[in-house]
Structures are given as structure tokens and as C-alpha cells.
Amino acid sequence: MRAHGWDDLFMSVVSFCEQHGIDVPDMSSRYMMSTSRSCQQIFFITVEHYYHIDVFNDVIDCMFRELNDRFPEQTIELLILSSALDPRNSFKSFNIGHLCKLAEKFYPADFCLSDLKGLEIELRYFQNDMHRLPCFKDLTTLPQLCQQLVETTLAEIYHFLYRLIQLVLTLPVSTATTERAFSCMRMIKNRLRSTIADEFLADCMILHIEREFANSIDNEEIIEEFKISKPRMMGKTHYVPPD
């Protein structure tokens, strides 16, 4: 997109401007930061150069840096090896070597040496069954594959493979939960709430993260529950001197 995406983007912007009556600047004219003389550019830079190089390319470079920070080599390898379980297109991406490497490198606490050998044997049998058994046809997601193994009682036969699938399925859940927690923390504990206590912060985060469940709670029921509970002291307590 950095090398060939500018022309398509520019044509889309021009089309948008024409539809909404927005004037398109002369892209070959000189770009100036302001109309005052002190803000004019020393070097001759066209409007197209500014938007193409200083804006468009800078945004893509920033996205590159973010992606590289978010997906280091170890994470990319984990995603590539996990994709070998993808059941789409009749298990086109299925690879026994990748799955054995996935279990050995990323889940050493869950697969000992004997388990790895058993996993390899199961994968060879499963490679034959995936094309022979009708229950494995037309699967598109990994949860569907996991469900088919349970419904057809093949999870007990392929217990090493079933264990590996369960571990892989926890990846998006754990990652999404962590990302949601950090995003929630930044929204709740902001500059105006910098002194919020940890316990109260945790309670607020739970209500925000699980807001779909929290929204289903009836406020009237909470009010009634407080009414029937023991009475509480209102306001500040006053000091009573001893007799």
C-alpha cells in the first residue's frame, strides 16, 4: 500500500470531493503552512508531495511500527504454527510437523516427551480420518472442530490433539481479555481519578468489562436489597466522651 496505494486513495478522495461539492486544491502548486510570509516553506514542496510523503507515508510507517511492536517474531511463529489446525478448505493448512513443533516449543509444560510422540501418532491417524469421516467436512472454524470431536466421542481417542486444540483456543480469549482490561484501566483511572483506590478501580473495571451482564441487572432489585438489609449509619459519627 505504501508503494502503490496513493493513487487509488487520491482518486477516492477526489471522487468524494466532487460528490459533496468540495474544492480540490491544485496538487502541483506550492504547499504553504500558512498565508503569512514567516510560515512559507523555504524549499519548494508541492501540495501532492506534502500529502503523499509527509502524511500518507508517515501514517503507514507509524502503522508498521505498531504492528512490529504488537507482533514480534515469537508471536508470528505462534500464529503460523497454530494456523495448521485451520479446518477450512478441507484442512488445507494441516501440517503434522508444525503442530508437533507448536506443542513442543510453546506448550512444554503440557506435553512431555512421551506425549509428543503420542501426539504425532494421533495426528497421522487424524489426517486419514479428516478426509474419510463426514463429520469433519464443511468445517470452517476451530471451535466447530473441537465440538465435533466431543460430539463424536473422538476427543477421547485423540486426547492429545484435543488438548492442543483447547490450548490454542485460549489464545484469542486471553489476549482479548487482557487488551480490554488495559483499555478499561486507561478510561477509568484518568487524570481526574489518579488517586482512585485499587479495590474500587478493580470493581469499576469489572462493571465496565462485563457491562453486558451489568446492564441486565435491575436497579430496583438492588435498591430493594439495600432496603431489607441492616440499617447503616448515615453521615459522620460524632465523638461521645466516656462517662
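Note that the coordinates shown come from a computational prediction; the quantities given were computed from them, not determined experimentally. All residue numbers refer to positions in the sequence shown, counting from 1. These values consider heavy atoms only, across backbone and side chains, with no hydrogens, waters or symmetry-generated copies.
- Between R2 and D61, the shortest heavy-atom distance links the atoms NE-OD1, 2.9 Å.
- Under the 4.5 Å side-chain criterion, counting only non-hydrogen atoms from C-beta, L102 is in contact with L78.
- A search for salt bridge (Lys or Arg N to Asp or Glu O under 4.0 Å) contacts involving D110 returns nothing, not counting sequence neighbours.
- The cluster map of Ile, Leu, Val, Met, Phe, Trp and Tyr, joined by side-chain heavy atoms under 4.5 Å apart, puts Y125 and L161 in the same cluster.
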*asked:* Is there a side-chain contact (heavy atoms from CB on, under 4.5 Å) between R132 and D129? Walk through the geometry before answering.
replied: CA-CA 5 Å; R132 182 176 58 87; D129 290 342; 2.6 Å; yes
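- Taking 4.5 Å as the limit, some side-chain heavy atom of D115 sits within range of a side-chain heavy atom of R163.
- Minimum interatomic distance between F136 and L154 (heavy atoms only, all atoms of both residues): CZ-CD1, 3.6 Å.
- Other residues, nucleotides and ligands place more than 12 heavy atoms under 6.0 Å from the CZ atom of F56.
- Within the structure, ring pair (Phe, Tyr, Trp, His ring centres under 6.0 Å) pairs that include any residue of residues 139-163 comprise F126-Y158 (at least two apart or interchain).
- Y31 is not listed as a side-chain neighbour of H49, based on a closest heavy-atom distance of 4.5 Å or more.
- A distance of 11.5 Å separates OG of S114 from CG of L119, quoted to the nearest 0.5 Å.
- Not counting sequence neighbours, D203 has no partner by the salt bridge (Lys or Arg N to Asp or Glu O under 4.0 Å) test.
- Linking Ile, Leu, Val, Met, Phe, Trp and Tyr residues whenever their side-chain heavy atoms come within less than 4.5 Å places V14 and V55 in a single cluster.
- By the salt bridge (Lys or Arg N to Asp or Glu O under 4.0 Å) test, E224 is found to be paired with K227, residues two or more places apart in sequence or in another chain being considered.
- The two residues V24 and C17 have their closest heavy-atom pair at CG2-CB, 3.7 Å.
- The distance from atom CD1 of I157 to atom CD of E122, rounded to the nearest 0.5 Å, is 9.5 Å.
- When the salt bridge (Lys or Arg N to Asp or Glu O under 4.0 Å) test is applied to R65, no partner is found at least two apart in sequence or on another chain.
- Taking NE2 of H52 as the reference point, atom CG of N57 lies at 4.5 Å (rounded to 0.5 Å).
- The environment of NE2 in H4 is sparse: at most 12 heavy-atom neighbours from other residues, nucleotides or ligands sit within 6.0 Å.
- To the nearest 0.5 Å, atoms OG (S82) and CD1 (I165) are separated by 11.5 Å.
- Residue-environment remark: CG (D138) stays at or below the threshold of 12 foreign heavy atoms within 6.0 Å.
- Within 6.0 Å of CD in E151 there are more than 12 heavy atoms belonging to other residues, nucleotides or ligands.
- For L167 against F111, the heavy-atom pair with the smallest separation is CD1-CE1, 3.8 Å.
- Within a 6.0 Å radius of CG in N128, more than 12 heavy atoms belonging to other residues, nucleotides or ligands are found.
- Hydrophobic clustering, with ILVMFWY side chains joined whenever heavy atoms are under 4.5 angstrom apart, keeps F213 apart from I206.
- Counting only residues at least two apart or in different chains, side chain to side chain donor-acceptor pair (under 3.5 Å) contacts with residues 89-104 comprise E77-K101.
- Using cut-offs of 30° and 60° on the angle between ring planes, the pair F10 and W6 is parallel.
- To the nearest 0.5 Å, atoms CG (L139) and SG (C146) are separated by 11.5 Å.
- More than 12 heavy atoms of other residues, nucleotides or ligands shown are found within 6.0 angstrom of CE on M187.
- The hydrophobic clustering, which links ILVMFWY residues whose side-chain heavy atoms are closer than 4.5 Å, places V59 and V47 apart.
- When all heavy atoms are compared, the tightest approach of P87 to T141 is CG-O, 3.3 Å.
- Nearest heavy atoms, R124 versus I96: CG-CD1, 3.8 Å.
- Here the straight-line distance linking atom CZ of F64 with atom CE of M1 works out to 9.5 Å at 0.5 Å rounding.
- A donor-acceptor pair is defined here as one N or O able to donate and one able to accept, closer than 3.5 Å; such a pair exists between the side chain of S12 and the backbone of D8.
- No continuous path of hydrophobic side-chain contacts links L207 to I196 [ILVMFWY only; heavy atoms under 4.5 Å].
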